[in-house]
Amino acid sequence: MPHDQSNEIFIAIVAGTAIFLLFSTFCITYIILYWKRKVKHVQEVQKINSAFSEELLKSRLEIEEQTFAYISDEIHDSVGQSLSLANVQLSALEESNVFNKGLIRDAKTNINQSLAELRSMAHSLNGERVKTVNLSELIRDEAARFNRNGLYQVSVTQEGDTQSIPEGHRLMLFRLIQEGMQNIVKHAKASAIDITVKQTKNNCSIRLVDNGQGFTADAQSNQKTGMGLINMKKRTELMGGDFQIKSEPGIGTDLSITISYE
């Protein structure tokens, strides 16, 4: 075999080997980088799921705490007063030794009212109810509670069926509504609150509008007024949602939350 031809074969073998090694190195590097990215992605997903589960548990506990506080107030203010009045009426009836049909009817009304309140409280204590009840119904119950104290006029508008919202998201959204209303009570000095819930095939949006004093961007960054909003924004983002708030001094605040199912 001629010397030149041998050199060409040798060069071809070396070049082929180099190309093969480079290609193999590229493939191995690509696979390593791919698995690193995949592991990182899995870790990020696990971190997000863990954070969501933690916030979900926190939301459940906060809902329970607020429910217990509400029941305590209702027992003291409403049920206690109704039963005390019924007791006074029955005591008066006992002392008079005279059959008074009107007084008996009034005492019976107060007792029945107290029983109805107690049934309502027992209903609200049922943890399974919060898991299964339509989101708009939970919000309507919350609005009714605010309306009963006479300090606020709360209206609720619903479009679509919110029953299809996953349980975890439903609880978080309900807690966000509660947080928003608490912020209004603490800071807004409002008299009216409008809540709108819209459910479509792909997303759910909630809008909370009040007629309070509003605030500026500087006031929003204030520790007292801003922390609640920051917490609400964080919880919304954990659900992959969008949190928007608009406010103008003297006009009020418009807060919207949208989560997508896509």
query: With distance as the sole test, does Glu179 use its side chain to make a donor-acceptor pair with the main-chain N or O of Met181 at under 3.5 Å?
result: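 The answer is no, because no donor-acceptor pair under 3.5 Å joins these two groups.
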How close do [X] and [Y] get, counting heavy atoms only, and between which atoms?
X      : Y      : result
Gln213 : His187 : NE2-O, 2.6 Å
Ala143 : Val156 : CB-CG2, 3.7 Å
Cys204 : Leu173 : SG-CD1, 4.3 Å
Ile184 : Ala190 : CG2-CB, 3.9 Å

Check residues 240-255 and write down every donor-acceptor pair under 3.5 Å in which the side-chain atom is one partner and the other belongs to a residue at least two apart or another chain.
unit_1: Asp242; atom_1: OD1; unit_2: Gln244; atom_2: NE2; d: 3.2
unit_1: Asp242; atom_1: OD2; unit_2: Gln244; atom_2: NE2; d: 3.3
unit_1: Ser247; atom_1: OG; unit_2: Phe215; atom_2: N; d: 2.9
unit_1: Ser247; atom_1: OG; unit_2: Gly252; atom_2: O; d: 3.2
unit_1: Ser247; atom_1: OG; unit_2: Thr253; atom_2: OG1; d: 2.9
unit_1: Asp254; atom_1: OD1; unit_2: Arg207; atom_2: NE; d: 3.1
unit_1: Asp254; atom_1: OD2; unit_2: Arg207; atom_2: NE; d: 3.0
unit_1: Asp254; atom_1: OD2; unit_2: Arg207; atom_2: NH2; d: 2.5

Please round to the nearest 0.5 Å and tell me the distance separating atom [atom1] of [X] and atom [atom2] of [Y].
X      : Y      : atom1 : atom2 : result
Ser205 : Ile257 : OG    : CD1   : 10.0 Å
Leu171 : Leu176 : CG    : CG    : 11.0 Å
Ser155 : Arg140 : OG    : CZ    : 9.5 Å
Gln178 : Ile139 : CD    : CD1   : 9.5 Å
Ile259 : Glu237 : CD1   : CD    : 13.5 Å

field: Met232 vs Asn183 side-chain heavy atoms within contact, under 4.5 Å
entry: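 Met232 reaches Asn183 side chain to side chain.
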- request: Might you work through the side-chain contact (heavy atoms from CB on, under 4.5 Å) test for Lys233 and Ile230, ending with a clear yes or no?
  value: CA-CA 5 Å; Lys233 186 174 188 296; Ile230 291 172; 5.7 Å; no
query: So among Asp141, Leu138, Ile206, which one has a side chain to side chain contact (heavy atoms under 4.5 Å, CB included) with Phe174?
result: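 Of the listed residues Asp141, Leu138, Ile206, the side chain to side chain contact (heavy atoms under 4.5 Å, CB included) partner of Phe174 is Leu138.
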- request: Find out if a path of hydrophobic residues (ILVMFWY) with successive side-chain heavy-atom gaps under 4.5 Å connects Ile31 to Tyr34.
  value: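 Result: yes, single cluster for both.
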- prompt: Do Ile177 and Val209 sit in the same hydrophobic cluster, where Ile, Leu, Val, Met, Phe, Trp and Tyr count as joined when their side-chain heavy atoms come under 4.5 Å apart?
  reply: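 Each belongs to a different hydrophobic cluster.
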- request: Test side-chain contact (heavy atoms from CB on, under 4.5 Å) on Tyr152 and Val185 and set out the steps.
  value: CA-CA 9 Å; Tyr152 303 93; Val185 170; 3.6 Å; yes
- prompt: Just by distance, with hydrogens left out, do Thr157 and Asp194 show a side-chain donor and acceptor under 3.5 Å apart?
  reply: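 Thr157 vs Asp194: no donor-acceptor pair found between side chains.
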